Structures are given as C-alpha cells and as structure tokens.
Peer 1: 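Input: one structure, supplied below.
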Amino acid sequence: EVQLVESGGGLVQAGGSLRLSCKASGFTFVDFAMGWFRQAPGKEREGISSIGRGGRGTYYSDSMKGRFTMSSDNAKNTVYLQIDNLKPEDTGVYYCAADWGSDNMLAARNQKYDYWGRGTQVTVAS
C-alpha cells in the first residue's frame, strides 16, 4: 500500500521555524520526484519545492525561495521541508506528493501527480 505521511506541523509564533517530514512507503522512492505543496485558507494549492527522482536537483517556486529548504533522505524514504522565519501567511495545510519519473514537479501544468499525502496543518500566530 502506497503511503505518504506528513508530520511536523503545528501552531507556532511568527518568526519561528518548523521542519515538516513526509515519510513514503509502498513504492520505489528513488524512482519518484517528491514535492511539497501548501493550501492556505480560501486559496488554491500552490507548489513550494520539488526534488527530482534519485535526488537529482532541488527546485523552488520563485515566491518560496529564501525561507523554505527541502531535503531528502533516501535511506529513510523521507523528504523534509524546513521553514524559517514563519509568517502568518504561511498558515495552511502542507502536502507532499510523489510523481514517477519526473524531476521538477513544479514545472507540471497541473498537479495530477501519482500520490498525495493527507497533509499536515501549519498555523502561524502573529
């Protein structure tokens, strides 16, 4: 059974940091690109970052460069998203996704990836 399980969200004060994790199982991790996305209240889901299959290349949306750092641990089948200097506008549900055979998931015209997690809530208090 394929699973993507996000964790690490919570309630934090503005200016704080969080590290989100996404543990993958049920598929060959290194054959898939992995990505982080978020959906703020009342807004469409947007891409944050992506790591290519096998760890080849890390990509960020232009608006997410600077405070977001994505990393991958192939031995643990896990990707991480470090978020620093959190702002209230970072509040939302953060999802990870997996896409077979691609590298930069953010380059896709739509978000029809192979697998999605259920998300983890991040709330930033001002």
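As the structure is a prediction and not an experimental result, all values here were calculated from the model.
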Peer 1: Does Y115 reach the main-chain N or O of V2 with its side chain, forming a donor-acceptor pair under 3.5 Å?
Peer 2: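 Checking the backbone N and O of V2 against the side chain of Y115, no donor-acceptor pair under 3.5 Å is found.
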Peer 1: Shortest non-hydrogen contact from S21 to T78?
Peer 2: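 Scanning both residues completely, I find the closest heavy atoms to be CB-CG2, 4.3 Å.
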Peer 1: If you take all heavy atoms of A24 and F29, which pair is closest and at what distance?
Peer 2: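 That closest heavy-atom pairing would be CB-CD1, 3.7 Å.
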Peer 1: Strictly distance-based, threshold 3.5 Å: is any side-chain N or O of E6 a donor or acceptor partner for the main-chain N or O of C96?
Peer 2: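 At least one qualifying donor-acceptor pair exists.
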Peer 1: Exactly one of I48, I51, L20 should register a side-chain contact (heavy atoms from CB on, under 4.5 Å) with M70. Which one does?
Peer 2: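 Testing M70 for a side-chain contact (heavy atoms from CB on, under 4.5 Å) against I48, I51, L20 leaves exactly one candidate, I51.
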Peer 1: So, for N85 and G15, which heavy atoms are closest and what is the spacing to 0.1 Å?
Peer 2: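 Looks like OD1-CA, 3.7 Å.
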Peer 1: Cut-off 3.5 Å, side chains only: do N104 and S102 have a donor facing an acceptor?
Peer 2: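 Note: N104 and S102 side chains miss the donor-acceptor criterion.
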Peer 1: Does the K23 side chain pair with the main chain of Q3, one donor and one acceptor, at a distance under 3.5 Å?
Peer 2: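 No.
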Peer 1: Of the non-hydrogen atoms in L86 and I83, which two are nearest, and what is the gap between them?
Peer 2: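 Result for this residue pair: CD2-CG2, 3.4 Å.
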Peer 1: Whether the T91 and E89 side chains hold a donor-acceptor pair (N or O, under 3.5 Å, no angle test) is what I'd like checked.
Peer 2: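 On atom types as modelled, these side chains do not qualify, holding no pair under 3.5 Å.
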Peer 1: Donor-acceptor pair, distance only, cut-off 3.5 Å: does the side chain of D99 make one with the backbone of Y113?
Peer 2: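 Judged by distance alone, no pair lies under 3.5 Å.
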Peer 1: Which atoms form the tightest heavy-atom contact between S50 and L106, and what is the distance?
Peer 2: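 So the two residues come closest at CB-CG, 4.1 Å.
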Peer 1: Spell out, as yes or no, whether a donor-acceptor pair under 3.5 Å connects the side chain of S61 to the backbone of G47.
Peer 2: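 Yes: the side chain of S61 pairs with the backbone of G47.
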Peer 1: Quick check on the hydrophobic clustering: are V79 and L4 connected, directly or via other members, by side-chain heavy-atom contacts under 4.5 Å?
Peer 2: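 Yes: a chain of side-chain contacts under 4.5 Å links V79 to L4.
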Peer 1: How long is the straight-line distance from OG of S126 back to NZ of K87, given to the nearest 0.5 Å?
Peer 2: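 Reported value, rounded in 0.5 Å steps: 13.5 Å.
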Peer 1: Ring-plane angle category for W116 and Y95, please: parallel below 30°, perpendicular beyond 60°, tilted otherwise.
Peer 2: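 Geometry flag for Y95 against W116: perpendicular rings.
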Peer 1: Taking W100 as the starting point, is it possible to reach M34 by hopping between hydrophobic residues whose side chains are less than 4.5 Å apart?
Peer 2: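 Same hydrophobic cluster.
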Peer 1: Does the side chain of D114 come within less than 4.5 Å of F27's, by heavy atoms?
Peer 2: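 SC-SC contact between F27 and D114 ruled out.
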Peer 1: For the pair R53 (side chain) and G101 (backbone), establish whether a donor and an acceptor sit closer than 3.5 Å, ignoring hydrogens and angles.
Peer 2: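 Flag set: sc R53 to bb G101 pair under 3.5 Å.
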Peer 1: Between V93 and T120, does the side chain to side chain contact (heavy atoms under 4.5 Å, CB included) criterion hold? Intermediate values first, please.
Peer 2: CA-CA 5 Å; V93 180; T120 185; over 6 Å; no
Peer 1: Do the side chains of R38 and D90 get close enough for a salt bridge, i.e. N-O under 4.0 angstrom?
Peer 2: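 So R38 pairs with D90 through a salt bridge.
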Peer 1: Think R19 forms a cation-pi with Y80, using NZ or CZ under 6.0 Å from the six-ring centre and within 45 degrees of its axis?
Peer 2: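 Checked: cation-pi criterion met.
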Peer 1: Looking only at heavy atoms, what is the nearest atom pair of G92 and P41, with distance?
Peer 2: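 Residues G92 and P41, closest heavy atoms: CA-CD, 4.3 Å.
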Peer 1: Find the distance between CE (M105) and CG (D103) and round it off to the nearest 0.5 Å.
Peer 2: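 If we round to the nearest 0.5 Å, M105:CE and D103:CG are 11.0 Å apart.
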Peer 1: For a quick check under 3.5 Å, do S17 and D84 share a side-chain donor-acceptor pair by atom type?
Peer 2: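 Checked: S17/D84 side chains pair up, N/O donor to acceptor below 3.5 Å.
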Peer 1: Any side-chain heavy atom of E46 sitting closer than 4.5 Å to one from M64?
Peer 2: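 When only atoms from C-beta onward are counted, M64 and E46 do touch, with a gap below 4.5 Å.
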Peer 1: With a 4.5 Å cut-off on side-chain heavy atoms, are S71 and D73 touching?
Peer 2: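 Contact flag for D73/S71 side chains = no.
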Peer 1: Are F68 and S49 packed together at the side-chain level, in the sense that at least one heavy-atom pair is separated by less than 4.5 angstrom?
Peer 2: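 Side chain of F68 against side chain of S49, heavy atoms only: no contact under 4.5 Å found.
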Peer 1: Looking at R118, I'd like to know if its CZ atom is crowded, meaning that more than 12 non-hydrogen atoms belonging to other residues, nucleotides or ligands lie closer than 6.0 Å.
Peer 2: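 It does not: R118 CZ has 12 such atoms or fewer within range.
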Peer 1: May I have the step-by-step check of ring pair (Phe, Tyr, Trp, His ring centres under 6.0 Å) for F37 and Y94, ending in yes or no?
Peer 2: CA-CA 6 Å; F37 301 80; Y94 285 69; over 10 Å; no
